[in-house]
Each structure stands twice: as C-alpha cells, then as structure tokens.
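A quick note: this is a predicted structure, and the numbers were derived from the prediction, not measured. Protein chains get the first letters and strands the later ones, always in sequence-line order, with residue 1 at the start of each.
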Number of protein chains: 2
Amino acid sequence: MKMTTKGRYAVTAMLDLALHDGDGPVNLSEISHRQDISLTYLEQLFGKLRRHGLIESARGPGGGYRLAMTPDEISIAKVLYSVDEPVDITRCGGKQNCQNDERCLTHDLWMELNRHVSDFLNGVMLGDLIQRNNVKQVAARQDLNLMQLLQQKQ
Amino acid sequence: MKMTTKGRYAVTAMLDLALHDGDGPVNLSEISHRQDISLTYLEQLFGKLRRHGLIESARGPGGGYRLAMTPDEISIAKVLYSVDEPVDITRCGGKQNCQNDERCLTHDLWMELNRHVSDFLNGVMLGDLIQRNNVKQVAARQDLNLMQLLQQKQ
DNA sequence: TATTTACTTGACTAAATTACTAGGCTATGT
DNA sequence: ACATAGCCTAGTAATTTAGTCAAGTAAATA
C-alpha cells in the first residue's frame, strides 16, 4: 500500500460526490472548488473511477457525475483500487517469490499488516462516512465557502 | 505511511541481526549476502539505526553490529521510524490543517487507519518474529546458502 | 607500529513516480 | 450554432528512491 495524495484526493472527491448526490449530476468544477483539487486532475481521476464502474457521467450543460450504486456499496478500498493505489503492501503481491523465487524473511509480517489494512479499508463505506458528524460539519463549511465565492463573482 | 523497499530492507536486516545476535557482533557483509541487500546501502541504513539507539557497533577485525537492547524491546514501528519511514499516514500529521488551516473532509478516516496501522506495527517485536516457525525456516535456508557460497570461494 | 579489516560520512546520480498541465476532441441542451 | 461539460492523450517539473563512489577514521592483530 502506498498512501499518496492521489488516493486521498480520490476518496475526498468521491465523498464530496456522495454528499451532493441526489438532485441531478454534480459537476467537477464544483468539487474542484469545494475540495481544492485541480479540475484537470479531477478529470483524470474520475475517468478511472468511471471505467471501474463506481460512477456514471452525463455530458453536456447541466451534466456531471453520479454514483453508479448506493453509497453503502462503495468501500474506500474500491476507490483506492480504482485510481491505481493498490491496497497490497508486499513486494511480491503475496506470491512468496520475494527473494530468489523463495519467501523472504519478512514475508508473513507484511502479509499480516496487509490483512489489517485491507480489512479496515474494505469495511468502511462512503455511506458510513456521510452520516458522521465531523464529516457533516466540514461539508457544511465547504458548501458555505463555495456559496460565498459564487456571490463575490457576481 | 509509505511502505517502500527502504523500510522493508531495514526490518529484514534488523531481523537478520536479531537472529544471529549472541556470539559476537554480526558484520554487514554477512547480512548483505544472506538478505540480498547491497553492502553500501546497508551501511547507510545501519548508520541511521545506530544514531537512533537501536544497535551498537564494534569496529576493527571481528567487528560488526549488535542489538542495543533485547529483541523484545524493538518494535517494527521503531525500525521503520529510524530509517525515515514515518508510520503516520495523514497529510497534516494529525494537526487538522489539511485544507486551508482547517480539517479536510477525510481527516478522521485517515486518523483511524493510522491508529490501526501503528497499533499493529508498535505491537510486533523482533523478539516475536524470531520465534515464528516460518521465520526460522527461511533463516535456516539462508544460513545454508551462505555456507555453501563460502565453501565455493575456497 | 604497520597493516588489515571494518565502520563512517557525505556527495553524487540514474531511474521511477507523482502530481500535475496543455490541448484538442466529443456529446448535449438551449 | 454555441456554450458547457466530460473525454483522452501527451508531456513534464519536481520529488523520491535506491542506490554508488570516494575518502576517510578507528580498532585489533602480528
């Protein structure tokens, strides 16, 4: 497993989408503003998420993205996997060929850590997160900020 | 947290040291052969491990390294930390300033994962690992390989 | 005390990866 | 038709990794 901003961005953006899903598709420039993520980078990430079937797109004016399933069916692990952040941590990918085609000394240690991490990430769903108070608070603040920004521009 | 070969090498080498500790210091070229890690790279890693107080060095002929405490006092987390692989996973390091000095949407999620991973890595000691059967097996194979290599050279 | 052996230090580097940007294209609603 | 929004491919600057190289210093043995 590698935790980089790519994975964090993907999860953050998907959570934003889950929070704002409901009344029509959500477009990327909204998400870009709310989450401080560059629009073109988001396009890349959402391309992968779409190709993995987590979201659906609608083109043209008023278009944007929608979740392709309920938030309760989308785990954090799925999101990370979709943007090429494998949750796996071993060098050999569990194949036991880490040292000259044989197990290395620490093979089982990394396998165990692997299981801990993936159990956790497979167990947390977007649906769980959007119901948490701390998430709701941050989301409310971000919505307010975006509204203020739009009013300033007029 | 980032899991790279640097961290894996450090843990592997420390485990090798723990396994061969007892009858005098262990020198790095042994470890280099047994674990397939470049000697000069090991020197770098062991410098950091020594500066963090995990090991002690003995110079001169017959010199090498020894653990500075018992294997039961050395956790995997300590080893990783010593070679600059922080176990922390959040962007802000827990400071809640991930987005414009405020908490980002996924702050608490990463904090939770953090706790899982560091609980695990703090809980596993070198002393635990050297008693495991799979570790003993791999170590026995590696010792045999090294002996055969030394005989060939004569 | 000369020599060997081993550890120490710091600078350097090739390759890979990350985190983007640029620019053009395609579909859709008004 | 035209503005809007997603789609796709390349390219790229910065950073990090995984080392190497060279010139030491310290300790033990003969």
K.L.:
For B:Ile31 and C:dC7, give me the distance from atom CD1 to atom P, rounded to whole Å.
P.N.:
9 Å
K.L.:
Listed by chain and number, what are the side-chain hydrogen bond (donor to acceptor under 3.5 Å, both in side chains) partners of B:Glu43, not counting sequence neighbours?
P.N.:
none
K.L.:
Whole angstrom is fine here: how far is it from CG in B:Asn27 over to P in C:dC7?
P.N.:
5 Å
K.L.:
Sugar-phosphate means primed atoms, P, OP1 and OP2; the rest is base. With that split, encode nucleotides 23-30 of chain C 5' to 3' as B, S or - using protein heavy atoms under 4.0 Å.
P.N.:
---BBBS-
K.L.:
To the nearest Å, give me how far apart CD1 (B:Ile55) and P (C:dC7) are.
P.N.:
10 Å
K.L.:
Give a yes/no answer on whether the side chain of A:Thr4 brings an N or O atom under 4.0 Å of OP1 or OP2 in C:dT17.
P.N.:
no
K.L.:
Assess, by modelled atom type and distance only, whether the side chains of A:His107 and B:Asn134 contain a donor and an acceptor separated by less than 3.5 Å.
P.N.:
no
K.L.:
Could you tell me if B:Ser29 and B:Asn27 have a donor-acceptor pair between their side chains, going purely by distance under 3.5 Å?
P.N.:
yes
K.L.:
A:Ser38 side chain N/O closer than 4.0 Å to the phosphate oxygens (OP1, OP2) of C:dT21?
P.N.:
yes
K.L.:
Could you state the atom-to-atom distance from CZ of B:Phe46 to P of D:dG19 in whole Å?
P.N.:
15 Å
K.L.:
To the nearest Å, give me how far apart CG (A:Leu39) and C1' (D:dC8) are.
P.N.:
14 Å
K.L.:
For B:Glu56, what residues pass the salt bridge (Lys or Arg N to Asp or Glu O under 4.0 Å) criterion, not counting sequence neighbours?
P.N.:
none
K.L.:
Under the rule for salt bridge (Lys or Arg N to Asp or Glu O under 4.0 Å), what residues qualify as partners of B:Arg66, not counting sequence neighbours?
P.N.:
none
K.L.:
Grab the CG-P distance between B:Leu45 and C:dC7 for me, whole Å please.
P.N.:
14 Å
K.L.:
OP1, OP2 of C:dC20 versus side-chain N and O of A:Tyr9: anything below 4.0 Å?
P.N.:
yes
K.L.:
Checking A:Glu112 now: which residues fulfil salt bridge (Lys or Arg N to Asp or Glu O under 4.0 Å) with it, not counting sequence neighbours?
P.N.:
B:Arg132
K.L.:
So, under a plain 3.5 Å distance rule, would you say the side chain of A:Gln44 forms a donor-acceptor pair with the base of D:dT9?
P.N.:
no
K.L.:
Rounding to a whole Å, what distance do you find between A:Leu28:CG and D:dA5:P?
P.N.:
10 Å
K.L.:
Please name all residues satisfying side-chain hydrogen bond (donor to acceptor under 3.5 Å, both in side chains) with A:Asp21, sequence neighbours left out, ordered by chain then number.
P.N.:
none
K.L.:
I want to check one thing: is the phosphate of C:dT8, taken as OP1 and OP2, less than 4.0 Å away from some side-chain N or O of B:Ser57?
P.N.:
yes
K.L.:
Would you tell me if any nitrogen or oxygen in the side chain of B:Arg51 comes within less than 4.0 Å of OP1 or OP2 on C:dT8?
P.N.:
no
K.L.:
When you check the phosphate oxygens OP1 and OP2 of D:dG6, does a side-chain N or O of A:Arg66 lie under 4.0 Å from one of them?
P.N.:
no
K.L.:
Just checking B:Tyr65: base, sugar-phosphate only, or nothing, at a heavy-atom cut-off of under 4.0 Å?
P.N.:
sugar-phosphate
K.L.:
Output the rounded distance in Å from NZ (A:Lys48) to P (D:dC7).
P.N.:
15 Å
